[in-house]
Amino acid sequence: MRIATWNVNSVVARLPRLLEWLASAEPDVLCLQEVKCARDAFPYEEVEALGYEAAVHGAGRWNGVAVLSRVGIDDVRLGLVDEPGFLADGALLPAPEQRAMGATCGGVRVWSVYVPNGRSVGHAHYAYKLDWLAALRATVTDELTPTGSTSPFAVLGDFNIAPTDADVWDADLFRESTHVTPGERQALADLLAAGLTDVMPRPLKHAVPFTYWDYRQLAFPHNHGMRIDLVLADERFRSGVTDAYVDRNARKGKGTSDHAPVVVDLDPGPATG
DNA sequence: ATGTCAGACAACGTCTGA
């Protein structure tokens, strides 16, 4: 089974590249982030023509996650346990955003997550990021609490955290920035402590498989990137991984996202439910 | 080969978020 995650930076703007990639990479399950469209506006017919069902958690111009599957989608869960909200411009009260959803596809439990960016250290969005990660940890703990299910489990998505300095093209440049601070890395460590492992993709071209390169200043051709899109797997999932890589070809050419897909091949083992 | 891009507004440029 092939499972992937991709921050597409608008599923509408990315539709030609998305369809091309689905047809060539043939994932069984694809977790999407930043779909940037309401649930009703998702291009269902286009992905269905390639054999995929879609479950979508989106409200409009920002954020939004989805799960595409050609092996079924069951037990869809939208949002986190006690998910914190953010006070959007023009809003009177903080409200949860569309950043996380879980689904069971072909006997594998996946969560597609888009962790808040944080904007800058000390910004209200940074505190929101840490709070949101704590709620993600609570949700993972809830999902992994033994209930008789033996499904492989993974959280896939854009974490907006580089796990180590090696996951940033120039750590010194990011010293005062979000994505690398001890607070963010501690929140990631706390999440992993719930029973997950960072599935490291195999390098294809460079020493470290980055997943994101800014659109500006020729960042991609210079490989000025970061590894911030992660697959965090429980032991049942991790032990079934036969390959993992970043499809950097999807970052080439015109009309690309600023992120590349992370692809994992999995032998899910005997179907035990 | 690539020196931002996408969405929404009231627009046909300018703002915001990333």
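Sequence lines set the chain letters: A, B, ... in the order given, protein chains first and strands last, and positions in each chain run from 1. Basis for what follows: all heavy atoms, side chains included, without hydrogens, waters or symmetry-related copies.
Nucleotides B:dT16 and B:dA10 have their P atoms positioned 14 Å apart, rounded to a whole Å. Between the C1' atoms of B:dA11 and B:dA6, the separation comes to 15 Å (whole Å). As rounded to the nearest Å, B:dC12 and B:dG17 have C1' atoms that lie 22 Å from one another.
Screening residues 5-41 of chain A for ring-ring contact (aromatic ring centres under 6.0 Å, His included), with sequence neighbours left out, gives A:W6-A:W21. Listed by first and then second residue, the salt bridge (charged side-chain N to carboxylate O under 4.0 Å, His left out) pairs involving residues 15-28 of chain A are A:R17-A:E20, A:E26-A:R70, A:D28-A:R70 (not counting sequence neighbours). Residues in residues 65-105 of chain A take part in these ring-ring contact (aromatic ring centres under 6.0 Å, His included) pairs, two or more places apart or across chains: A:F86-A:H125, A:F86-A:Y128. The salt bridge (charged side-chain N to carboxylate O under 4.0 Å, His left out) contacts involving residues 212-223 of chain A comprise A:D214-A:R216, where partners must be two or more places apart or lie in separate chains.
Atom CD of A:Q217 is separated from atom C1' of B:dT2 by 13 Å (rounded to the nearest Å). One interatomic measurement links the two molecules: CZ of A:F220 to C1' of B:dC5, which rounds to 16 Å at whole-angstrom precision.
Stems are defined here as 3 or more consecutive Watson-Crick or G-U wobble pairs with pairing distances under 3.5 Å; those involving DNA chain B are B:4-9 with B:13-18.
Under a cut-off of 6.0 angstrom, the local environment of CG in A:D82 is sparse, with at most 12 non-hydrogen atoms contributed by other residues, nucleotides or ligands.
A:R39 meets the side-chain contact (heavy atoms from CB on, under 4.5 Å) test with A:Y44, A:V56, A:H57, A:L78; sequence neighbours excluded. Remark: A:A59 engages A:Q98 in a side-chain contact (heavy atoms from CB on, under 4.5 Å) (not counting sequence neighbours). The ring pair (Phe, Tyr, Trp, His ring centres under 6.0 Å) check on A:Y212 picks up A:H259, with sequence neighbours excluded. Contacts of A:Q217 classified as side-chain contact (heavy atoms from CB on, under 4.5 Å), with partners at least two apart in sequence or in another chain: none. Partners of A:W169 according to the side-chain contact (heavy atoms from CB on, under 4.5 Å) rule, which considers only residues two or more places apart in sequence or in another chain, are A:L173, A:F174, A:F210, A:H224.
For the atom pair A:F237 CZ and A:R109 CZ, the distance stands at 13.5 Å (nearest 0.5 Å).
Within residues 17-24 of chain A, no residue has any heavy atom closer than 4.0 Å to DNA chain B.
Residue contacts shown for A:K254 are absent, as no nucleic acid heavy atom lies under 4.0 Å away.
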- Item | Contact pattern, 5' to 3', of nucleotides 6-18 of chain B - B, S or - by protein heavy atom under 4.0 Å | SBS-------BSB

